[in-house]
J.: 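Here it is, the structure, as structure tokens.
Counting begins at 1 with the first residue of the sequence. What's counted below: heavy atoms across the whole structure, side chains too, no hydrogens, waters or symmetry copies.
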Amino acid sequence: MKMSSLKKYAALLLVLLVPSLIWAEGARETETEEIQASQARYVFLFIGDGMALTQINAAEAYLKSQTETDVGVEKLAFSQFPNQGLTTTYDAGSFITDSASAGTAIATGHKTLSGVINMDTSKSIKYTTIAEMAKAAGMKVGVISSVNLDHATPACFYAKEASRNNYYNIGVQLANSNFDYFAGGMLRLDKTPQGQKNVHEIMAEKGWLIASNRNELRALRPGTRQVYAYSKGFAGNALDYAMDMKTDTISLAEYTSRGIELLDNENGFFMMVEGGKIDWACHANDAAASINDTIAFDNAVKEAVDFYNRHPEETLIIVTGDHETGGLSLGFAGTKYDSAFTEIGRQKMSFEAFDHYVLKPFKQNNPTGSLAQLMPEIRKNFGIDSLSPYESELLENAFNASMKGVGEDEESYLLYGGYEPISVTLTHILNNRAGLAWASYSHTGVPVATFALGVGGELFNGYYDNTEIFRKAATVLGLGVPVLASR
């Protein structure tokens, strides 16, 4: 082609492309202006720790199986939200994140290393969280979790620490924060250094209102004093798994409902609610515990939906996960194309409750006991009776390992993941019968789902990184963090 022809061709391209480019830029500016104009007075951020699509879908399939024989799902409240997206979760040092780095990304919009809370990769620069920004803007702030409030995810909204394991330092930062409402699992007082005041003592000196039971929680009235409400579960002082809760146990939904009442004010509020024991159940490969805690998490979301229905023009609800845990698969080689979610309903207590209430006393009272002696409790709590030869061998080996003490070799870890061998094998057998399988005792790198309802909810459509959740939420809160909608 001659040079003159090339010039004419280039000119023609410019004539054709420039209007399109101008339109695209104009659309982008318009879109940004529309987003910045959409502001909410109330923002809920729900984080299902360890919850990806498989955890959600398993809960929905289980719910369907409890009421109907037809194959299908009974959707959770949040999976019916009109705005839905997919979110990547990798951190600054690994494709598979942990809760500290994932929480930092969601709370601050910055990537960091696993184990680090709201600091950069050099562990020298501290990041400001969306909760702190909301508080500085005059809003009230609440942080709620079904696990200990000094655990990684809740800590990512108020603390800055080089290691998520510095529980005492994290707890002191909670006590010194200006947030209005903390509720959930108890702070770990056993991490108090010798000679130091524990965090409860520090909070009492600072005038916090402390509620340790339902009566004290219900007696609280909105006011200027900060509130710390906690429960002590039988394991680790987190909330008990939903399937293990007694009638006098405060649920995640109740803490959420009470928090709404205490935080509601004309300046609005920001509330983060974590379903932390979804993750703990998946680490232990306990599908029943994970499913029941996912449902309990959804019940907490419903409290926010009720509030949204009263304030639809002022409220945004975001539901997401920080990562997937366990590599849960809705399918198992042994069942091929079949599944039977009704099998999950046979389990009456979590692995954790079985360890605590059944296995521990059995081992103490029967140091030379046999699997046959334990089988009545297994039938009662897991619904497992007749065993195939393959299952019998698995269970016998696991029972022996639990009675003698499991080793720390690679094979033992792959089989039991550091949990009680008999307990994790029981959940594996039951899960496999249901058509479920697990790939890991740790986190995985698959994307998580994000859902949104309310003001600015359209921002959460698309496929984006977890750091964008911070930017999108901050934009809707009017905190001066502009963002373009995902397209």
J.: Is Asn299 reaching over with its side chain to a backbone N or O of Ala253, donor-acceptor style, under 3.5 angstrom?
T.: no
J.: Quick one, Lys135 with Asp180, criterion salt bridge (Lys or Arg N to Asp or Glu O under 4.0 Å). Give me CA distance, side-chain angles, the key distance, then yes/no.
T.: CA-CA 9 Å; Lys135 185 63 180 176; Asp180 303 277; 3.0 Å; yes
J.: Between Thr88 and Asp465, is the side chain to side chain donor-acceptor pair (under 3.5 Å) condition met? List the steps.
T.: CA-CA 5 Å; Thr88 52; Asp465 188 61; 2.8 Å; yes
J.: Would you call Glu261 and Arg221 a salt bridge, taking side-chain N to carboxylate O under 4.0 Å as the test?
T.: no
J.: Could you tell me if Glu161 and Asn166 have a donor-acceptor pair between their side chains, going purely by distance under 3.5 Å?
T.: yes
J.: Determine whether the side chains of Glu324 and Thr444 contain a donor N or O and an acceptor N or O closer than 3.5 Å.
T.: yes
J.: Keeping Ser99 on the side-chain end and Thr153 on the backbone end, is there a donor-acceptor pair under 3.5 Å?
T.: no
J.: Where does the angle between the aromatic ring planes of Phe382 and Phe354 fall among parallel (under 30°), tilted (30 to 60°) and perpendicular (over 60°)?
T.: perpendicular
J.: For residues Asp98 and Ser101, is any side-chain donor paired with an opposing acceptor at under 3.5 Å?
T.: yes
J.: Which residue in the set Leu86, Thr87, Val319 passes side chain to side chain contact (heavy atoms under 4.5 Å, CB included) when paired with Thr450?
T.: Thr87
J.: Under 4.0 Å between a Lys/Arg side-chain N and an Asp/Glu carboxylate O for Glu343 and Arg346?
T.: yes
J.: Please say whether the positively charged group of Lys302, taken as NZ for Lys or CZ for Arg, lies over the ring of Phe307, i.e. under 6.0 angstrom from the six-membered ring centre and within 45 degrees of the axis.
T.: no
J.: Decide whether Lys111 and Asn466 meet the rule of one side-chain donor and one side-chain acceptor closer than 3.5 Å.
T.: yes
J.: Can Asp279 and His283 be counted as having a side-chain donor-acceptor contact under 3.5 angstrom?
T.: yes
J.: Please enumerate all residues that pass side-chain hydrogen bond (donor to acceptor under 3.5 Å, both in side chains) together with Tyr255, with sequence neighbours excluded.
T.: Ser231
J.: Can you spot which of Leu453, Ile318, Leu76 makes a side chain to side chain contact (heavy atoms under 4.5 Å, CB included) with Phe81?
T.: Leu453
J.: Fit a plane to each ring of Phe351 and Tyr419, take the angle between them on a 0 to 90° scale, and name the class: parallel (under 30°), tilted (30 to 60°) or perpendicular (over 60°).
T.: perpendicular
J.: Pairing donors with acceptors under 3.5 angstrom, does anything connect the side chains of Tyr167 and His151?
T.: no
J.: Check whether Phe269 forms a cation-pi arrangement with Lys140 (NZ or CZ under 6.0 Å from the six-membered ring centre, at most 45° off the ring normal).
T.: no
J.: What I want to check is whether the side chains of Glu274 and Ser146 have a donor and an acceptor closer together than 3.5 Å.
T.: no
